[in-house]
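Below, chain A is the first sequence line, B the second, and so on; all start at residue 1. No hydrogens, no waters, no symmetry mates; every other heavy atom, side chains included, goes into these values.
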Amino acid sequence: MNTELEKLRHSASHVMAHAVMRLFDNVKLGIGPSTEDGFYYDFELPEKISEEDLKRIAGEMEKISAGNLPFKKEVLKKEDALKEFKDQPYKLQLINEIPEGEEVSVYTSGEFRDLCRGPHMEKTSDIKNFKLTHIAGAYWKGSETNPMLTRIYGTAFFSEEELDDHLKRIELAKERDHRKLGKELDLFSIHGQEAGAGLVYWHGKGSAVRRVIENFWIERHLQNGYELVNIPHIARSNLWKTSGHLDFYRENMFPAMDIEQGEEYILKPMNCPGHIIVYKNTVHSYREFPIRWAEMGTVYRYEKPGVLHGLMRVRGFTQDDAHIFCRPCQLDGEIESILRFTVDMLSTFGFSKYEVFLSTRPEKHVGTDENWERAQDALKKGLEKISLDYKIDPGEGVFYGPKIDIKIKDSLQRLWQCSTIQVDFNVPEKFKLEYSAPDGSRKQPVMIHRAVFGSLERFFAVLTEHYGGRFPLWLAPVQAEIIPIGEKHFDYCIRLKEQMIKEGLRVEVNLKEEKLGKKIWLSRKKLVPYMAVAGDREVAEGTLSVRKLGEGEAGTVSKETFLKNLLREAASRSDSSVL
RNA sequence: GCCGGUGUAGCUCAGUGGCAGAGCAAUCCCCUCGUAAGGGAUAGGUCAGGAGUUCAAGUCUCCUCACCGGCUCCA
């Protein structure tokens, strides 16, 4: 299945490889596929190259394109192919992996010949609108144990307009980067050098957004039959031994703290054992089920230095976690209601498109095959019941159970993993959890682990990029800025601010001695949804001249009306004015 | 962890071996102002950290840390 665009991009990767072969000696070729956004080709090069070299390579590509060379396909016998590519170790490996009976084809364009399944464009001059974007290292065949090749990324389109649009979209994504907005809007900071990589400092403005998210989360959980619990951040290592974390999750855990003579404590990488401690504190009856315990639980995981990324990938983060204890017969119903609950909550934040994945048993796991089968079946049934389309991600489950991951699509059509639902028969077994069944016997409950936002840090980052920092009113760190025109209007503005703050709004006053135009410019830079200007006229009438971000002047209203309107809009949790 | 790049004032960045710079922000002064940046002055630096080469290092070399683009891994 090759679309025309994939054909174009794959052909572009050939032209790029062709150019690289012309410019460097002794190049070993890896693979050069098309991707969602463009294409790449992996090379083993005799020397280091940097982004500077991309211009040269692109220049050579222009020449090859202008050369108008046809792409010609040729089918070879396997032994002939092996002979022809004897100096290309990676190609040899690929040839040897082609199953018997499948054809071995080679594409030729000018003096460049490459092992390739095709298909291709007709000629090199079809590749006109391309751009080489960046360079990266990539393991051969994606395995850490293989040598690292140099990957050159590029993109190509049929028309110049499409290429420009694409490059503009990349620029837009850069503008919306949560790390950039985090600085500009004073939301958070990370101090890798001074205080530790991957550890987040939430500033006042970021915390304001976070608090709104948390309050909404608490409200919805209480309405949906959850109880909120709280657990400590460290626990003795024997707890993590029992749970299986020390055996199966150790590489992601910070080393144990030796507190007093041989008593080791461990910083929690997950919340589940803590909730299990609460469960085990008393005996439970089937009549209590389902028990739904939720917590914004902060966890710490050791992540390799190279994987850290803003708020998206950190070493300390807060999961909006919940554990549901129930009877096996309640499992389907619980999964279904969790899915509905999740989708409902996400839609409030403007996320209505998802991709859903069902991840199955990984290599490193606890528990029996039978338990894994049961858990997977339950998840499948839940998905089918609310007819959500999903894909299977083989071997991607957690060590204690399979999971459903919901990836949300943001306003730039990018996917982000947030929500997760995991069915677990294994940890209850390890901790010997019990409940009294209707017939008086002791049975083992099933446990569901689930998170809607996944990590608050990541969700906040996704939200920031989704809205490009222009948060809808209910989330905005500063909902309104009141701007006095001159010093004599300060009192009026300060009193109004105090009144609005008492009503629960987040409001600031700009008391700098600047001109109105500059104050408006500053407020716009901070992406504050509403500005309220007050001068002589407004003070005399008890009104405000209102400006709306992105829309400009919105007329004069009484300060009471302004306050009421803001309260109403914030309470609606609507994002319609933003997107 | 791996490949490549980067690290200079609070922020954005210039400075390729010879006196450490600009704009914005900050502070002070002038202007007292009506809807997208008024003017002036002042202050602000262990040039990420350490070692080395050199008469001389922000600049060259090595090590460490962090950050950026990817790979592997992942909420």
Side-chain angles (χ1 to χ4, degrees), chain A residues 40 42-45 48-53 133-153 174 177 179-180 183-184 186 189-198 249 251-252 269-271 297 299 301-321 359 362 396 398 403 405 407 416-420 422 449 451-459 461-462 483-489 512-525 531-538 545-547 549 552-554 556:
Chain A
Y40 65 80
D42 288 343
F43 307 97
E44 189 185 299
L45 295 169
K48 286 181 185 178
I49 65 165
S50 68
E51 315 259 325
E52 290 299 299
D53 296 293
T133 52
H134 54 286
I135 289 180
Y139 297 109
W140 169 240
K141 299 215 146 210
S143 169
E144 251 179 309
T145 54
N146 285 343
M148 183 157 278
L149 307 178
T150 302
R151 175 171 297 178
I152 304 178
Y153 283 93
K174 258 188 217 162
D177 192 309
R179 293 166 300 184
K180 184 175 189 294
K183 254 183 216 167
E184 288 171 0
D186 194 21
S189 56
I190 295 173
H191 305 265
Q193 196 108 220
E194 190 183 356
Y249 207 69
E251 60 191 34
N252 280 295
M270 289 190 194
N271 299 304
V299 296
R301 298 182 183 175
Y302 174 74
E303 300 286 355
K304 293 174 181 173
V307 308
L308 300 172
H309 182 92
L311 298 182
M312 297 288 188
R313 192 75 183 274
V314 292
R315 285 179 173 160
F317 61 100
T318 300
Q319 290 183 312
D320 67 315
D321 215 349
S359 302
E396 293 301 312
V398 206
K403 59 173 181 172
D405 285 328
K407 297 190 184 180
W416 303 101
Q417 149 130 38
C418 292
S419 316
T420 181
Q422 306 162 357
H449 313 238
V452 176
F453 304 139
S455 136
L456 264 184
E457 283 73 7
R458 176 179 292 178
F459 188 73
V462 172
I483 303 179
I485 287 178
E487 222 169 320
K488 55 187 164 172
H489 316 118
K512 287 191 191 118
E513 291 183 33
E514 298 282 0
K515 288 192 174 164
L516 179 58
K518 177 135 184 193
K519 289 188 183 178
I520 288 169
W521 178 73
L522 286 168
S523 174
R524 288 168 52 89
K525 272 215 312 192
M531 275 174 252
V533 177
D536 288 343
R537 211 159 50 228
E538 288 77 12
S545 167
V546 177
R547 281 187 73 102
L549 181 65
E553 288 189 65
T556 299

Over all strands shown, is [X] touching base, sugar-phosphate only, or nothing at heavy-atom distances under 4.0 angstrom?
| X | value |
| --- | --- |
| A/Glu457 | nothing |
| A/Gln422 | nothing |
| A/Lys512 | sugar-phosphate |
| A/Thr150 | nothing |
| A/Lys183 | sugar-phosphate |
| A/Lys407 | nothing |
| A/Val299 | nothing |
| A/Gly137 | base |
| A/Asn252 | nothing |
| A/Gly486 | nothing |

Less than 4.0 Å between a side-chain N and a carboxylate O, is that true for [Y] and [X]?
| X | Y | result |
| --- | --- | --- |
| A/Lys525 | A/Glu184 | no |
| A/Asp405 | A/Lys403 | yes |
| A/Lys488 | A/Glu538 | no |

Protein-nucleic acid N or O pairs under 3.5 Å, nucleotides 5-9 of chain B:
{"from": "B/G7", "atom 1": "N2", "to": "A/Gln193", "atom 2": "NE2", "distance (Å)": "3.3"}

Give a yes/no answer on whether the side chain of [X] brings an N or O atom under 4.0 Å of OP1 or OP2 in [N].
| X | N | answer |
| --- | --- | --- |
| A/Lys304 | B/C74 | no |
| A/His489 | B/G34 | no |
| A/Arg179 | B/C68 | yes |
| A/Lys519 | B/A37 | no |
| A/Lys518 | B/A25 | yes |
| A/Lys525 | B/C24 | no |

When the [atom1] atoms of [M] and [N] are compared, how many Å lie between them, rounded to an integer?
| N | M | atom1 | value |
| --- | --- | --- | --- |
| B/U16 | B/U61 | P | 15 Å |
| B/A66 | B/C30 | P | 49 Å |
| B/U8 | B/G4 | P | 22 Å |
| B/G21 | B/C47 | C1' | 12 Å |
| B/U59 | B/A20 | P | 13 Å |
| B/U12 | B/C67 | P | 15 Å |
| B/G15 | B/A22 | C1' | 10 Å |
| B/A26 | B/C63 | C1' | 37 Å |

Would you mind reading off the distance between [X] atom [atom1] and [N] atom [atom2], rounded to a whole angstrom?
| X | N | atom1 | atom2 | value |
| --- | --- | --- | --- | --- |
| A/Leu522 | B/U35 | CG | P | 16 Å |
| A/Trp521 | B/A37 | CH2 | P | 8 Å |
| A/Lys180 | B/C68 | NZ | P | 15 Å |
| A/His309 | B/C74 | NE2 | P | 18 Å |
| A/Ile483 | B/A36 | CD1 | P | 11 Å |
| A/His191 | B/C65 | NE2 | C1' | 16 Å |
| A/Leu149 | B/U72 | CG | P | 12 Å |
| A/Leu308 | B/C2 | CG | C1' | 15 Å |

Main-chain N/O of A/Val452 paired with A/Asp320 side-chain donor or acceptor, under 3.5 Å: yes
Where A/Trp140 and A/Asn146 come nearest, the two heavy atoms and their spacing: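 Minimum heavy-atom separation between A/Trp140 and A/Asn146: O-ND2, 2.7 Å.
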Under 3.5 Å donor-acceptor pair, A/Arg151 side-chain atoms to B/C3 base atoms: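 Between B/C3 and A/Arg151, which were checked side chain against base, a qualifying N/O pair under 3.5 Å is absent.
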Any N/O donor-acceptor pair, A/Glu194 side-chain to B/A48 base, under 3.5 Å: no
Donor on one side chain, acceptor on other, A/Asp536 and A/His489, under 3.5 Å: yes
Contact letters for nucleotides 41-46 of chain B, in which S counts primed atoms plus P, OP1 and OP2 and B counts the base, heavy atoms under 4.0 Å: ------
Interatomic distance, A/Lys407 atom NZ to A/Cys418 atom SG [nearest 0.5 angstrom]: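 Result: 10.5 Å between the selected atoms.
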Aromatic-base stack, A/Tyr153 on B/G70, cutoff 5.5 Å, angle under 30: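 By the stated criterion, A/Tyr153 and B/G70 do not stack.
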